[in-house]
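Just below is one structure, and these are the notes that go with it.
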Amino acid sequence: ETGVTQTPRHLVMGMTNKKSLKCEQHLGHNAMYWYKQSAKKPLELMFVYNFKEQTENNSVPSRFSPECPNSSHLFLHLHTLQPEDSALYLCASSPRRDRGDEQYFGPGTRLTVT
Amino acid sequence: LAKTTQPISMDSYEGQEVNITCSHNNIATNDYITWYQQFPSQGPRFIIQGYKTKVTNEVASLFIPADRKSSTLSLPRVSLSDTAVYYCLVGDIMDSNYQLIWGAGTKLIIKP
């Protein structure tokens, strides 16, 4: 138990569906992250929020839309996804968006796009 | 751009010491070296971090030579539960933000 929870753990959606992934951290951290992990590829950092403000968007397609209503919660809204978007989506948090800060990861959401 | 190179996979046996070496030739002066562990269907978990020389905690040691162009994660007396993917990371400053650049990881398999 890392103090970072993600729901749902598994999600199957069609290309025309709209769904959301939820992340919650109980650690009092100020930075939160979304990562994508595809089979046999390195982790890809998607978005970073620091004190509720989005500080990084690493060229992520607009069909992925993040939302951070407060420092404890992070959402990833999904719409009109493609099959190649199927992956493990990981949420992480750290005390700050700072050099060397340890990141705490949730268990991930396994997403399958049909 | 900071980048790490580590073996794709390694095998060892229970009770042995395992050393995983990572090269990071273009590490910047102010980069930390960080290692994470990931089990299937879980997120990565922080193991250890260092800047130079040697760091030890309750689960591992990290050896960093003076030139810092490589580092070695040492796992003492491994057990079957140490079977996992291990990631070596260094940081990089991109657009004034510090980022961890994730590599492909080393898949460690421990045999009985």
Side-chain angles (χ1 to χ4, degrees), chain A residues 1-6 8-10 21 23-25 27 29 31-51 53-59 74 87-112, chain B residues 1-9 22 24 27-52 55 57-60 62 64 68 71 84-107:
Chain A
E1 185 60 52
T2 63
V4 180
T5 59
Q6 290 186 245
R9 292 294 309 275
H10 301 272
L21 309 184
C23 175
E24 184 174 359
Q25 56 98 358
L27 302 167
H29 290 168
M32 296 188 77
Y33 312 75
W34 278 117
Y35 285 90
K36 176 184 179 183
Q37 187 172 36
S38 304
K40 300 181 181 178
K41 282 188 175 181
L43 265 73
E44 301 172 50
L45 180 63
M46 300 174 72
F47 302 103
V48 181
Y49 278 81
N50 197 30
F51 292 92
E53 298 295 321
Q54 187 181 132
T55 56
E56 291 164 58
N57 174 342
N58 289 306
S59 303
L74 186 64
L88 181 68
Y89 288 85
L90 292 160
C91 172
S93 71
S94 65
R96 301 156 303 183
R97 181 68 177 113
D98 206 345
R99 176 175 296 119
D101 265 16
E102 176 183 345
Q103 294 187 27
Y104 293 75
F105 284 82
T109 295
R110 174 69 62 186
L111 174 66
T112 303
Chain B
L1 187 67
K3 183 182 174 184
T4 62
T5 302
Q6 53 185 122
I8 294 173
S9 64
C22 176
H24 25 79
I27 188 169
T29 303
N30 50 6
D31 280 349
Y32 285 91
I33 300 158
T34 310
W35 286 80
Y36 282 78
Q37 174 193 56
Q38 186 177 24
F39 297 112
S41 300
Q42 293 186 25
R45 184 181 70 164
F46 175 92
I47 303 175
I48 197 166
Q49 183 181 77
Y51 183 75
K52 60 181 178 181
V55 179
N57 62 22
E58 62 276 9
V59 297
L62 180 60
I64 305 169
R68 303 197 333 117
S71 59
V85 179
Y86 292 82
Y87 295 94
C88 161
L89 302 91
V90 297
D92 199 6
I93 301 292
M94 300 176 70
D95 297 325
S96 302
N97 287 309
Y98 183 81
Q99 290 197 25
L100 290 175
I101 309 299
W102 293 80
T106 296
K107 185 173 184 179

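First the proteins, then the strands, lettered A, B, ... as listed; each starts at 1.
- Counting heavy-atom pairs closer than 4.5 Å to chain A, the top residue among B/Gly105, B/Gly103, B/Pro44 is B/Pro44.
- Within the 4.5 angstrom heavy-atom criterion, only side-chain atoms of A/Tyr35, from C-beta onward, approach chain B.
- The ring-ring contact (aromatic ring centres under 6.0 Å, His included) test applied to B/Phe46 returns B/Tyr36, not counting sequence neighbours.
- With respect to A/Phe47, the side-chain contact (heavy atoms from CB on, under 4.5 Å) criterion is satisfied by exactly one of A/Met32, A/Gln54, A/Glu56: A/Gln54.
- With a 4.5 angstrom heavy-atom cutoff, A/Leu90 touches chain B only via side-chain atoms.
- Only the side chain of A/Gln37 comes within contact range of chain B, judged by heavy atoms closer than 4.5 Å.
- No cation-pi contact links A/Arg97 to A/Tyr33, judged by a cut-off of 6.0 Å to the six-membered ring centre and 45° from its axis.
- Take B/Tyr87 and apply the ring-ring contact (aromatic ring centres under 6.0 Å, His included) test, not counting sequence neighbours, and it matches B/Trp102.
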